[in-house]
Amino acid sequence: MAPIFTGNWFGFGAAAGAAPPRGHVEVLFSEYNTLYGSSTSQVSSPTKVLNPSIKYLYVIGAGAGGAGTNTVGPDNGGGAGGGAGSIPKLTGYSIPAPNYGAPIFVAVARGADTDAGASTQIYLNGAAVLTLGGGGGGVSNGGPGGAGGTVSVPGLSLLAAFPSSNEVSGGSGGQGGTRNVRAGAPGNSGTGGGGCGGGGGGGAHVSPQPGGSGGPSNHPFNINNYNIIQTAPALSYPNPFPISTNGAAGGPQAPQNGGGIVASGGDVGLALGGSGNGQDSNSGYSGGAGAGLLITSPNSPGTYFGGGGGGVRGQILNPNARPTIRGNGGGGFIIVVGSSFQLVAGVDY
């Protein structure tokens, strides 16, 4: 795997014969969540204490995608879930001096199963210093899709070598279709370099109206590779520690008569296209899931995280509940690297 930088040694990789860096680099966390839950549902890592020399954090991650609506009117499709806020490219931040050597942990979002997605966060000294917000949930009965999640960094400072566009809001979910008026609008993709896409809105009853396709992620689907060379690796992580991220197209509309627990279309990784058993053959199509970010690292499952769930079709039969109806948003992930020096090209360490 190619290093992030070439020519000098910067902790991520090195040219042949380069001298090792003077300082400390380690992978602090590499956490992901493949479970589903409520808008506040997170799983926290164990707390670590930062090596006092660590002054910088390098982060890549996503919150959880929002869910497509869980309740649908008799004729109208449901709105889709929004994509999660994300940092799809490894991005560097400085730690305030009072937090050198502080306790640190991460909280990783579960995917949304009925409403908005939860946030993925970094905590220093008990306070959230970086939040990757979850996508909003869709609204039923022809309603709008959820808003995309946003990124906030109240307790760290972005390093000058990294553009603020690396902090990417998720795409919004598509609106549900209304009988004889409109089909489900497709979910919008993330902006500012490519983040997690929103799901497609559900189709309406009669005709049958089509559902929307999910929004894509990480235009133009380029792969980002990193090979982190640790000078003081944690025992649980290999050295070097390779990471790759990638995007995908959003999911297609789910089949008209597909549904139940297993759908034959519309899913993208952990984000699920809407589905449900229609009352008759005119009940429309459910929307496809928004694409999340594919993350692959030594301890990750290599799947897509953070995409929005698809909107559900109109005319759903009872029981009107999961898993008969589905459109879950994808769970979150985060990788955090700590360093005592800036891992920036053009500086010889």
Side-chain angles (χ1 to χ4, degrees), residues 31-44 60-71 78-88 106-122 128 130-140 143-152 167-174 187-190 195-201 214-215 217-218 250-251 266-274 287-295 303-312 322 325-334:
E31 307 285 339
Y32 59 89
N33 206 328
T34 59
L35 303 175
Y36 300 98
S38 71
S39 59
T40 58
S41 185
Q42 300 171 307
V43 175
S44 296
I60 187 168
T69 181
N70 191 42
T71 304
S86 67
I87 300 176
V106 296
V108 184
R110 292 189 181 189
D113 58 3
T114 58
D115 52 9
S119 296
T120 294
Q121 297 172 297
I122 299 175
L130 182 146
T131 296
L132 306 172
V139 178
S140 64
T150 59
V151 179
S152 63
E167 300 169 355
V168 185
S169 296
S172 58
N188 301 315
S189 62
C196 300
S217 61
N218 201 24
D267 300 350
V268 183
L270 298 175
L272 307 180
L293 297 175
L294 174 66
I295 178 70
T303 191
Y304 288 89
F305 294 86
V312 175
R322 313 283 169 142
I325 295 176
R326 61 195 285 269
N328 297 11
F333 77 95
I334 195 165

note = Residues Gly65 and Ala84: closest non-hydrogen pair is N-CB, 4.0 Å

task = Please name all residues satisfying side chain to side chain contact (heavy atoms under 4.5 Å, CB included) with Thr40, sequence neighbours left out, ordered by chain then number.
result = Ser38

inquiry  = If I take atom CD1 from residue Ile122 and atom OG1 from residue Thr131, how far apart are they, to the nearest 0.5 angstrom?
reply    = 9.0 Å

ask   = Between Ala64 and Gly111, what is the shortest heavy-atom contact and its length?
value = CB-CA, 3.9 Å

key: Atom pair CG (Leu272) and CG (Asp267), whose distance is rounded to the nearest 0.5 Å   = 4.5 Å

key: Non-hydrogen atoms of Gly292 and Ser217 that approach each other most closely   = O-OG, 2.7 Å

message = Using 0.5 Å steps for rounding, measure from the CG atom of Asn328 to the CG atom of Leu270.
response = 9.5 Å

query = Which atoms form the tightest heavy-atom contact between Gly85 and Leu132, and what is the distance?
reply = O-CB, 3.7 Å

ask   = Which pair of non-hydrogen atoms, one from Ser86 and one from Ala62, has the smallest distance, and what is that distance?
value = CB-CB, 3.9 Å

note = Nearest heavy-atom approach of Gly200 to Ala80 is O-CB, 3.3 Å

key: With Gln42 via side-chain hydrogen bond (donor to acceptor under 3.5 Å, both in side chains) - residues at least two apart   = Gln121

ask   = Say you draw a straight line from CZ of Arg110 to CG of Asn33; how long is it, rounded to the nearest 0.5 Å?
value = 6.0 Å

note = The reported gap from OG1 in Thr120 to CZ in Phe305 (rounded to nearest 0.5 angstrom) is 10.0 Å

request  = Could you pull out all residues at least two apart from Tyr304 that satisfy side chain to side chain contact (heavy atoms under 4.5 Å, CB included)?
outcome  = Ala248, Val268, Leu294

query = Side chains of Leu293 and Ile60: closer than 4.5 Å at any heavy-atom pair?
reply = no

